[in-house]
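Notes follow the structure.
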Amino acid sequence: MSRIPAEALRLLIPALSLVTLLAAVFWLQPRAMSYTGLNLLFNLAVPIALATVAQMLIMAVNDLDLSMGTFVSFVACVTATFLHDTPLIGVLILLAAIGVYAALGVIIHLRNLPAIVVTLGMSFVWGGLAVLILPAPGGAAPGWALAVMKSKPPLVPMAIIAALVIALVAHLIVMRSSFGVLIRGLGGNPRSVARAGWSVLMVRAGAYALAAAFAVAAGIALVGLTTAADANIALRYTLLSIAGVILGGGEFTGGRVSPAGAVIGALTLTLAGSFLSFLRLSPDWQIGAQGAILIIVLALRLVLRRIEQGSGGGRRA
Amino acid sequence: MMSLARLMRRPWIWSFVAALAVWLATVAVTGLGGAGGLAQATLTFAAFSVLVGIGQMFVITLGPGNIDLSVPATMTLAGTLALKLMNGAEGMVIAGLGVALLVGLAVGLANYALIKALRIPPIIATLSMSFLIQSAAIWSNRGLRIKPPAALADFTTAATLGVPNLALVAGAVSVLAWVLLNRTVYGRRIAAIGQSLPAARMAGMPVDGTRLATYVLCAVLAAVCGFLLASFSGGAALNMGAEYLLMSIAVVIIGGTAVAGGDSNVPGIWGAALFMFLVVSMLNSYGFGAGVRLIMTGLIIIAVIVLASGRRPGTG
């Protein structure tokens, strides 16, 4: 077997599962194989993909953000109110929110706190702020967000282009920039990052701020699609984003993440829902199917890892 | 006799101090007239948090990465199936409890089977599992609302000698959990695995058996909690477990159990559960809206954790 870069191998299973699922959807519903069909299948995946990349950045430094869903909901509420009515104040609020994430990174690092618990507490805070801003569903999407999300570029649907752009940008930042290397280094071996003369504190804060920036984009994209917001609009993003990262070949520890994989993971999870409705299965089992797909993909990955180890000659228990 | 200074060094004392402070702050506003009723309600709702919290604590004690995210789904499925089977009949209460226990057993076994067979982190295994359980619960619930048998509903809402029955149940479970953790080989094994899994394995401990038992225990407690909660609130609702995911983790951490594992704490869970409910009712009695209440709850949780982490340097 010729040498395949580990990075590409990591993407093999996520990509294969997406293609398989897409083929199954096309087989069940050939009409989905069109410009409009593809856009409908994937447009809700755009905000999920952004949130998944955000979660991936947090997971790259060995943390986990349990407030992702409430934070994206909060951003959606700000977008549908302040960003629409008084753009300047809206931008300031969102920048402040990114600042809060950076501060969380600092606190978590300085006091050596478990990120799970701190973000859990923050999920109450974001949820409360969202309720204060928008007590009842409503608001309106800023014109430019609508224009971007509802645009109809020639040949390739908006949702596909957006997914590619997100994957490319995330890939450039995480895999090709020196800051990305530091983030992954922090996840892999914090001491070596520190010994190389970097401030571990700044790297963690930066990773959190960058994640918040992606989550802000997720909230704005979501409002661009739904044209209105609600304090509970994105609560399921917390679990979806974690599942998406794992589906895409990311791991919990060690800074081993894959931005392109994360986007593919988000697309796969979104597609899973459509696949089920095309199968005419009861919507009761939609969530369950996402769980089942997660389990199947993880099982495949285990098989692949076994093969990889077997061909390498080394036998490990 | 424990001296005051020694008492103050116990990791669980802070959650009780915090709970007492919040209780006083509430009574200061509502007056002493409401104090008794508040204590009753607090004990009842704390009982649910304690039940799921103890299960979660056993799992968290197993070490970094061990956490059970399937708690809410398990609660919902157990409550739904048990109520469906009992169908309001008094004679079926034991059978209903049996079904709830079976659901817990099955979920626990399935969770650990996934963790072991796929070699995936417990967070992902229990997350995927919770999707499946939640679907099963939605499918079996289907908008029907069956009332619990009257005797069972009475039991869950009544009090014995001034203490709510549910608090007594949770109290008994807590005592058992304490004995299990501190006085049995199994409890020592959990702590040992939490402190160092490779060391525990080298020492020849049955690591897999212990972890399996722990995941089953957590799921069974969640199922029992779901059974009681559904009986208490007059029916099983699909979102009934939702708030207990955050709650089960929060009471464990605020109660002074080390997040890194290997060191658990039963009394602290009670302090934290009382504290969590009292915070909400304090903010309620001050007349805050839902938004402010949520924000304050979150900030108070974070503040308690930041403070609590300060007194144990080197751990986290």
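Lettering of chains follows the sequences in order, A, B, ..., and the numbering in each one begins at 1. Quick caveat: nothing in here was measured; it's all calculated off a predicted structure.
If you tally non-hydrogen atom pairs under 4.5 Å between each of B:I124, B:L127, B:T297 and chain A, the highest count goes to B:I124. In terms of non-hydrogen atom pairs under 4.5 Å with chain B, the most contact-rich of A:I293, A:V117, A:V303 is A:V117.
Residue B:A73: no heavy atom, backbone or side chain, is found under 4.5 Å from chain A. Of the atoms belonging to B:I302, it is side-chain heavy atoms, and not backbone ones, that fall under 4.5 Å from chain A. Interface residue A:I116: only side-chain heavy atoms are found under 4.5 Å from chain B. Interface remark: A:S67 contributes no atoms to any contact with chain B (heavy atom separation under 4.5 Å). With a 4.5 angstrom heavy-atom cutoff, A:I295 touches chain B via backbone and side-chain atoms both. Interface residue B:L299: backbone and side-chain heavy atoms are both found under 4.5 Å from chain A.
Interatomic distance, CZ of B:R119 versus CG of A:L298, reported as 13.5 Å (0.5 Å rounding). Put simply, CG on A:L294 and CG on B:L114 are 9.5 Å apart, with the number rounded to the nearest 0.5 Å. Taking CD1 of B:I67 as the reference point, atom CG of A:L66 lies at 7.5 Å (rounded to 0.5 Å).
A 4.5 Å side-chain heavy-atom check between A:L302 and B:I120 finds every atom pair outside the cut-off. Side chains of A:F124 and B:I295 form no contact here, defined as non-hydrogen atoms less than 4.5 Å apart. With a 4.5 Å cut-off on side-chain heavy atoms, B:I123 and A:L64 count as touching. In this structure, A:L120 and B:I301 have side chains that are not in contact, with every pair of non-hydrogen atoms separated by 4.5 Å or more.
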Anything under 3.5 Å between a donor and an acceptor, one on a side chain of residues 237-256 of chain B, the other on a protein residue two or more places apart or in another chain? List them.
residue: B:S248; atom: OG; partner: B:Q56; partner atom: NE2; Å: 3.0
residue: B:S248; atom: OG; partner: B:Y244; partner atom: O; Å: 3.1
residue: B:S248; atom: OG; partner: B:L245; partner atom: O; Å: 3.0

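For residues 229-244 of chain A, a heavy-atom distance under 4.5 Å to chain B picks out A:L239, A:I242, A:A243, given by residue number. At a heavy-atom separation below 4.5 angstrom, chain B is approached by A:G127, A:G128, A:L129, A:V131, A:L132 within residues 127-134 of chain A. Using a 4.5 Å cut-off between non-hydrogen atoms, no part of residues 52-63 of chain A approaches chain B.
Here the shortest heavy-atom pairing between A:G288 and B:S135 reads N-OG, 2.6 Å.
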